[in-house]
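Structure record follows, encoded as structure tokens.
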Amino acid sequence: MLLEKFNYFGIIKSILLNNRDSSNNNNNNNNNNNNNNNNNNKNNHSVTGRFINNAEKAFQKQQVSFKNRFQLKASKGKEGIRYYKNIGLGYRTPKDAIEGTYIDKKCPFTSDVSIRGAILRGTVISTKMRRTLVVRRNYLHYIKKYNRFEKRHSNIPAHVSPAFNVKEGDSVTIGQCRPLSKTVRFNVIKHDISAASKKQFKAF
């Protein structure tokens, strides 16, 4: 009787161990599959963010191309009707704005946003936001009491069109426009090469 009991308990123990091993293997396989799916999703996200200009899910179209007063200025190309304009003030329309396919409702060259008011120039210090950058302007402020100048600077957020490929350290010209968001009131209208790569005299 004792031998039969020991054999019975041994059989039950072996069955439980086999079930536990099989469940662990299944859990490991599921975890590996989930990790592979997460890695694939991350790779897909980085590719789409890098190669696709428009991240919106809705259909993108130029609103101005459907208005009567803008249809005369629109031109037909391979991709269909494309509207672009000359902002004036002696600034040229970028080639990417004419031949490109991007849709930007705040672009001064392909939308109804007009440039008027102040024209400023500065250096780009941040491009972390989407289609928005921060421009730093250095200037001197006169102190009458001491008959001296002091260094000052101001950071201005500005919208940048996909027609420009702007990096940190580049010099840009921004023009004042209507309020585009809570803090953005300027738009990039000209892009120069990096000021750090050129030898030039600096005021301070």
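- For the atom pair CD1 (I174) and CD1 (I115), the distance works out to 10.0 Å, reported to the nearest 0.5 Å.
- By the rule that hydrophobic residues join a cluster once side-chain heavy atoms approach within less than 4.5 Å of another member, L180 and F109 end up as members of separate clusters.
- A donor-acceptor contact shorter than 3.5 Å links the side chain of K85 to the backbone of S111.
- The distance from the CG atom of D192 to the OG1 atom of T173 is 5.5 Å, given to the nearest 0.5 Å.
- Using a cutoff of 4.0 Å between basic side-chain nitrogens and carboxylate oxygens, R152 and E150 are scored as salt-bridged.
- Side-chain N/O atoms of D104 and H159 include a donor and acceptor closer than 3.5 Å.
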Discussion item. Checking Y102 against S161 for the side-chain contact (heavy atoms from CB on, under 4.5 Å) test, could you report, in this order, the C-alpha distance in whole Å, the side-chain angles of both residues, the deciding distance, and whether it holds?
Written reply: CA-CA 9 Å; Y102 69 87; S161 170; 3.3 Å; yes
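- When the side chains of ILVMFWY residues are joined at heavy-atom separations under 4.5 Å, either directly or via intervening members, V188 and V124 end up in a single hydrophobic cluster.
- Here the closest non-hydrogen pair linking H191 and V172 is CD2-CG1, 4.0 Å.
- The distance from the SG atom of C107 to the OH atom of Y84 is 13.5 Å, given to the nearest 0.5 Å.
- Atom CZ of R92 has 12 or fewer neighbouring heavy atoms from other residues, nucleotides or ligands inside a 6.0 Å radius.
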Worksheet item: Yes or no on side-chain contact (heavy atoms from CB on, under 4.5 Å) for L89 and I119, after CA distance, side-chain angles and deciding distance?
Response: CA-CA 10 Å; L89 305 173; I119 303 294; 4.1 Å; yes
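- Note: I125 CD1 to R136 CZ = 6.5 Å, rounded to the nearest 0.5 Å.
- Residues V134 and I189 are members of separate hydrophobic clusters, defined by side-chain heavy-atom contacts under 4.5 angstrom among Ile, Leu, Val, Met, Phe, Trp and Tyr.
- Contact record, V184 with T132: CG2-CG2, 4.0 Å, taken as the closest heavy-atom pair.
- A donor-acceptor pair under 3.5 Å links the side-chain atoms of Q176 to the main chain of A118, judged by distance alone.
- Taking both residues in full, the closest heavy atoms of A163 and P94 are given as CB-CB, 4.1 Å, listed atom of the first, atom of the second, then distance.
- Both Y91 and V166 are part of a single hydrophobic cluster, where members link through side-chain heavy atoms under 4.5 Å apart.
- Not one N or O on the side chain of N147 forms a donor-acceptor pair closer than 3.5 Å with the backbone of K144.
- Under the 6.0 Å cut-off for aromatic ring centres, F149 and Y142 qualify, their centroids lying closer than that.
- Here the OG-CE distance, from S181 to M129, works out to 8.5 Å after rounding to the nearest 0.5 Å.
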Fill in: Working for side-chain contact (heavy atoms from CB on, under 4.5 Å), residues L120 and R137
CA-CA 8 Å; L120 306 175; R137 289 184 60 248; 3.9 Å; yes
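- The two residues F164 and K190 make their nearest non-hydrogen contact at CZ-N, 4.1 Å.
- Formation of a donor-acceptor pair under 3.5 Å by the R185 side chain with backbone atoms of K182 is found in this model.
- Considering CD1 of I103 and OG1 of T110, their distance stands at 7.0 Å, rounded to 0.5 Å.
- Side-chain contact, Y139 with S154: no donor N or O sits under 3.5 Å from an acceptor N or O.
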